[in-house]
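Chain A is the first sequence line, chain B the second, and so forth, proteins listed ahead of strands; every chain is numbered from 1.
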Amino acid sequence: MKLVFFGASFFGRRSVLLGQALFFVALSSGCAYNPPAAWERGDLAKVKMKFDADRLDAMAAQHTYFSKEAASGGTGVGGGGCGCN
Amino acid sequence: MRDTLEHIETPALERIELDSQATVFRFRAMASPCEVCVEGLSSLAAEVAAQKAANEVARIEAKYSRYRSDSIVSRINAAAGGDWIAIDDETRSLLEFAQSLARESEGLFDITSGVLRRVWDFRAGKLPEESSLSETLALIGTERILLDGSNVRLADALMEIDLGGFGKEYAADRAAAVLAAEGVRHGFVNLGGDLRALGPKQSGEPWSIGIAHPREPENTIASISLRTGALATSGDYERFFEHDGQRYCHILNPKTGRPVTHWQSISVLAPVCAAAGALATIAMLREAHALEFLDAQGCGYLAIRFDGERFAR
Amino acid sequence: MSSKIDFAGSALARCAPSDATAVAGPTPSQTSARFGSITLAALALPGLVAPIGAQVAPLEEGVIAAKFGVYEDRQPGLTRVRAISPSLYIASPIASSWSFEGSLTHDNVSGASPRWHSSISSASRMADHRTAATAKLTKSFERVAVALGGAYSDEQDYRSRAGSLELRIASADNNRTWSIAFAHTDDNIFPTNRAARGATRRTNELGLSVTQNWTKHDVVQLAISRAEGRGYYNDPYKIVDIRPRERDQTTATLRWNHFIASSGDALRTSYRFYSDSFGIRAHTLDAAYAKALNDRWIVTPTLRYHTQSAANFYYDPVYDPVVGEPFPVVLGRFASPDHRLSAFGAVTVGVRADWKLDSRWTLDAKLERYEQRSSWRLGGGGSPGLAPLTALIAQIGFTRTF
């Protein structure tokens with residue numbers, strides 16, 4: 001019988017801990033919720049601040065990890081990705 | 001606050017059919033020749049759209065011209081140092097834009113710098129007295145426009161504001177928005193050289209826009225392609241006088257009170273005209289440091305230096 | 001303060017089809033996709049048709065990109081698989097509110113078939129080609145964008161076809177974007193050994209995400225997706241490989257990009273939680289630090305950690321010196337020795353460089369090393385009997401805007 005490491009619930013105890021860790025990192029770096037005005041979005045518009053700015057690279061990575069690991073997806077819903085399944 | 005329509009004259013359009021697709025409508029507004037070019041609409045629809053766009057330009061002129069005593073700008077100036085004046089959302093947005101420009105340009109773009117016209121007489125072509133220049137400089141400062149919610153007040157009775165620095169560009173953007181709402185997808189608005197394109201020609205080709213030669217008024221120095229977005233030019237040739245062989249132009253640095261000298265003209269491409277115009281003016285005011293600023297702002301430009309050397313991106 | 005543009009040689013004349021001769025001279029480039037603070041301030045003015053939204057705005061300019069990737073993975077003493085992948089990407093506005101995005105990838109794979117555990121010495125050779133294409137058409141409205149996508153992937157023994165529909169909605173302040181997407185995938189498997197003939201699999205996937213500009217230097221995204229697949233999941237090339245005919249997968253991904261104003265660098269981090277009905281739970285952490293060396297160079301070191309538990313029916317392949325091939329010790333209703341379904345941890349270390357040649361051209365290069373070990377699983381308890389697997393990924397490419 002295999003050990004069910006992360007528990008049966010959707011978010012196991014460990015992932016809750018990880019989530020909390022991320023959340024506190026966010027808080028401690030002074031990221032209180034303060035959405036920018038239109039003219040303050042210049043830095044956010046930079047390429048290096050985009051999610052998946054390089055689509056080809058994102059697709060190649062998705063394909064590579066799909067061939068190596070069980071988990072897949074998370075950055076966009078099917079079809080848009082590498083066509084791997 | 002509502003715009004009182006009876007004070008606004010509807011601009012008369014002169015219609016020029018260029019071919020079966022393109023129609024140009026010319027009119028005069030903001031002391032400039034203006035044009036609206038429309039492709040892909042029926043003759044009637046094009047005219048209705050162009051008239052609405054021209055009316056929008058006239059509305060903005062009536063509301064913000066400092067030459068009209070009933071404009072909100074004139075009323076704010078008249079109340080300088082005194083009562084708070086109630087303003088609407090549009091006016092507040094424009095004043096906030098002016099504050100952003102002052103901040104981003106480190107004080108070079110200043111809508112209160114119009115007071116310098118009191119000491120610089122471009123018609124007579126005379127240099128101002130040092131003493132009167134320094135007195136006038138003390139009146140300048142966007143931070144002395146007090147904005148409190150929907151009320152505004154100028155701190156000093158001698159202060160004045162002038163939205164001429166981006167008013168025409170803003171009108172070009174608004175007119176373009178009117179055209180877009182009327183279904184125009186191919187066309188542009190040109191208000192005395194401040195240009196906003198809604199989209200390329202129907203064929204998909206870009207508009208080809210000529211840039212005036214700063215020293216030969218009848219010629220163009222370059223032509224650029226524009227699909228969407230805006231083009232605005234700031235130059236030392238619009239209003240100037242020469243004294244002892246030195247050119248004194250109307251673009252005055254609000255910190256020194258003196259005209260800029262480094263560039264003959266700077267044309268800027270930006271997504272919207274209000275930005276292109278402000279960027280061109282700030283670049284002129286930054287003199288030798290103009291290009292690094294334009295690069296950092298991520299816009300395209302064509303700049304012509306005092307010696308005629310061209311710089312483009 | 002702007003001046004007149006000479007009308008004689010200007011827009012009016014050029015509005016006519018009889019295009020006057022263009023005046024020679026340096027010409028500025030088109031509007032950049034990157035907006036400066038002045039442009040952004042102007043976009044806050046009321047009543048403007050702004051050519052920018054949160055993530056629903058139509059494309060301003062076209063992009064064409066190409067990449068060439070080389071991939072090689074190995075287990076101790078054996079180079080397993082080598083793949084060469086050229087790929088092409090294009091995104092372009094096609095009318096004022098329409099845009100198109102498409103990609104084409106070709107993989108040329110050669111090498112040994114996967115080895116199950118540490119002590120097998122023979123490996124059958126394989127060679128395969130994969131061609132994959134994606135296409136997406138987006139229509140943008142004022143605050144809404146609708147995208148219709150398709151994907152196609154074809155190998156010798158496998159074909160996958162997918163269609164997707166996505167709706168994106170931006171908030172009034174353009175700081176938040178909601179996205180809801182649905183995709184359907186049809187897979188067909190034609191194994192060369194005829195272990196399964198005309199096997200199929202259908203998957204429906206629903207994704208929800210919200211992207212929020214948290215501060216002027218932080219953007220966060222939460223994405224949740226659920227995929228339900230029915231059909232053939234077995235590996236036809238393994239002697240004993242019987243998996244359930246249904247697989248339900250749930251992922252939750254939190255991404256956070258932070259801009260460091262003092263240096264102009266960006267830190268991109270993400271965490272993904274994954275869970276499926278095979279009994280696999282996985283956690284993936286990703287971090288990239290984009291360091292701007294100067295105006296032209298960006299160097300980005302990357303680090304990724306992945307850990308997963310094994311599928312309920314995964315068995316560790318045990319090599320039998322007599323029988324030879326690994327054979328399952330326990331046979332329940334389902335069983336698979338696929339290393340992808342085992343418990344392990346994996347680390348990717350990489351570096352990427354972006355070199356901006358001018359306002360239009362950018363070159364990029366990437367080097368990554370991936371390593372998978374059962375002992376690297378978070379908290380231990382990785383599947384025994386698996387040889388560590390390492391992979392090297394090298395990639396060069398260019399991007400040009402037009």
Using non-hydrogen atoms only, which part of [X] is less than 4.5 Å away from chain A: side chain, backbone, both, or neither?
| X | answer |
| --- | --- |
| C:Ser87 | both |
| C:Ala83 | neither |
| C:Asp354 | neither |
| C:Arg247 | side chain |

Handout entry: Closest approach of C:His339 to A:Ser67 (non-hydrogen atoms, all atoms of both residues)
Key = NE2-O, 4.1 Å
Handout entry: Under 3.5 Å donor-acceptor, C:Asp265 side chain and C:Ala292 backbone
Key =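 Checking the backbone N and O of C:Ala292 against the side chain of C:Asp265, a donor-acceptor pair under 3.5 Å is found.
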Problem - Donor-acceptor pair, side chain of C:Gln308 and main chain of A:Ala70, under 3.5 angstrom - result: yes
Fill in the blank from the handout: Contacts of C:Glu166 meeting side-chain hydrogen bond (donor to acceptor under 3.5 Å, both in side chains) (sequence neighbours excluded), chain-then-number -> C:Arg168, C:Ser179
Return the option, out of [options], with the maximum number of heavy-atom pairs under 4.5 Å with chain A.
| options | value |
| --- | --- |
| C:Leu267, C:Asp154, C:Leu88 | C:Leu88 |
| C:Gln395, C:Arg304, C:Gln372, C:Arg268 | C:Arg304 |
| C:Phe344, C:Tyr89, C:Phe259, C:Tyr71 | C:Phe259 |
| C:Arg340, C:Glu155, C:Glu368, C:Glu101 | C:Arg340 |

Problem - Check: C:Phe278 ring centre within less than 6.0 Å of C:Tyr314 ring centre - result: no
Problem - Carboxylate-amine/guanidinium proximity below 4.0 Å for C:Arg255 and C:Asp286 - result: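 So C:Arg255 does not pair with C:Asp286 through a salt bridge.
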Handout entry: Salt-bridge contact A:Asp54-C:Arg352 (side-chain N to carboxylate O under 4.0 Å)
Key = yes
Handout entry: Side chain / backbone / both / neither for A:Asp57 at chain C, heavy atoms under 4.5 Å
Key =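 When you check distances to chain C, atoms from both the backbone and side chain of A:Asp57 fall under 4.5 Å.
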